[in-house]
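Keep in mind it's a predicted model, so treat the numbers as computed, not measured. Chain identifiers are assigned alphabetically (A, B, ...) following the order of the sequence lines, protein sequences preceding nucleic acid strands; residue numbering begins at 1 within each chain. Hydrogens, waters and symmetry mates play no part in the numbers below; they use all other heavy atoms, side chains included.
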2 protein chains.
Amino acid sequence: MGESPRFVDGYLLALLARASHAASAGFHAQLKARGVAVPVWRVLATLEGAAQGVTVGELAETCLMQQPTMSKLLDRMAADGLVARQRQGRMMRIRLTPPGAALAAELVAEARAHEAALLARHAGAAPALKALLRDIAGPSSEAG
Amino acid sequence: MGESPRFVDGYLLALLARASHAASAGFHAQLKARGVAVPVWRVLATLEGAAQGVTVGELAETCLMQQPTMSKLLDRMAADGLVARQRQGRMMRIRLTPPGAALAAELVAEARAHEAALLARHAGAAPALKALLRDIAGPSSEAG
DNA sequence: GGCCAACATATGACTTTTCATATGTCACGG
DNA sequence: CCGTGACATATGAAAAGTCATATGTTGGCC
């Protein structure tokens, strides 16, 4: 009675951040168990299937990181033999190495399974939810 | 034609992270303009209206940070005169100082305005979306 | 009362991120 | 061709985050 609900419990941005965090927690734990950091996973997932490679800038934007952060992450991933850089004009084209591609494929399969389990627990809501999220994410999600 | 859509463009966790990032971008820019870091804002928002204070652990969970990160963030915020620590049993009760409370009040007002503008652009969808997000965020959002 | 397990927070060594800016590369006008 | 500005990426110094573990505090048991 007379309880004053916390601002943060109703604030949309907090709910989004919270939902994102909670939904990812399980899969992030799997990644950790494999010794793969979340930013590494994001790069692998983005490069997966991109045979002709992706630029540093595109990677940074897709992975929601800043460009210098991405450059340094790529340094480490290259040192670990997961990706290869190739200069192309003034950009750098980043590709998965064979070991990187193998790891990416495994992890994407795990991610799909995890997503399916998550969606099963929220049956039916998926399409509407994804549409809403795309809408919120805005135009950057539309670019093909 | 025959384009193969990127895995990351349909992956729920990526959509959630992207939506969260995109939705927050505008407000985060406002914070930056004021010289307030996002983690600082989260702590201020969480403490806002909590007259009797909040523990370090609760703050960490609510702000989606780890406990040591929160301890160090609180060091800085205390040094900046935004919060005060007070030992209470084995926990530490964190409260806003008067300047902290003033800043928090201003920022919460800005956040509410920003949220209203955001929701206006997605008219009607708000209640359903929030319900979905709460559902995804899980039990931790239910605790009062 | 004193010891010990359990919990809440703090700290230290190390890694990652950030901000500002340097380097490299192309595109264009002269 | 040779600057020059614009764009793409890299780098250096400083700040923040992370993991493991230390410190402080309580409650129960003998």
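- Checking B/P68 against B/L73, the closest nucleotide of DNA chain D that is more toward the 5' end is the one next to B/L73.
- When rounded to the nearest whole Å, the span between CG of B/L59 and P of D/dG17 equals 14 Å.
- Rounded to whole Å, the distance from CH2 on A/W41 to P on C/dT16 is 19 Å.
- Place A/M65 and A/G89 on DNA chain C by their nearest nucleotides, and A/M65 ends up nearer the 5' end.
- Side chains of B/D80 and B/M77 form no contact here, defined as non-hydrogen atoms less than 4.5 Å apart.
- At a threshold of 4.0 angstrom between heavy atoms, the contacts of B/Q66 are confined to the sugar-phosphate backbone, with no base atom among them.
- Classified by interplanar angle (parallel below 30°, tilted 30° to 60°, perpendicular above 60°), the ring pair A/H114/A/F27 is tilted.
- For A/K32 and D/dT18, the NZ to P distance is 9 Å, given to the nearest whole Å.
- Closest to the side chain of A/S71, from the set C/dT9, C/dT11, D/dA10, is D/dA10.
- Protein atom CE of B/M70 is 13 Å distant from nucleotide atom C1' of D/dA16, rounded to whole Å.
- With hydrogens and angles ignored, no donor-acceptor pair under 3.5 angstrom links the side chain of A/K72 to the base of C/dT15.
- A/E58 and B/R6 are not joined by a salt bridge, as no carboxylate oxygen comes within less than 4.0 angstrom of a charged side-chain nitrogen.
- For the pair B/T55 (side chain) and B/M92 (backbone), a donor-acceptor distance under 3.5 Å is absent.
- Rounded to whole Å, the distance from NE2 on B/H28 to P on C/dC19 is 13 Å.
- Minimum interatomic distance between B/L118 and B/A23 (heavy atoms only, all atoms of both residues): CD2-CB, 4.0 Å.
- One interatomic measurement links the two molecules: CE of B/M91 to P of C/dC7, which rounds to 12 Å at whole-angstrom precision.
- Here D/dT9 presents its P atom at 13 Å from CD of A/Q86, a figure rounded to the nearest Å.
- Summarising the geometry, the separation between CE on A/M92 and P on D/dA8 is reported as 14 Å, rounded to the nearest angstrom.
- With hydrogens and angles ignored, no donor-acceptor pair closer than 3.5 Å exists between the side chain of A/Q67 and the base of D/dA8.
- Side-chain nitrogen and oxygen atoms of A/R87 include none within less than 4.0 Å of the OP1 or OP2 phosphate oxygen of C/dG24.
- Among the nucleotides C/dA10, C/dT17, D/dA10, the one closest to the side chain of A/T69 is C/dT17.
- At a threshold of 4.0 angstrom between heavy atoms, the contacts of A/R85 are confined to the sugar-phosphate backbone, with no base atom among them.
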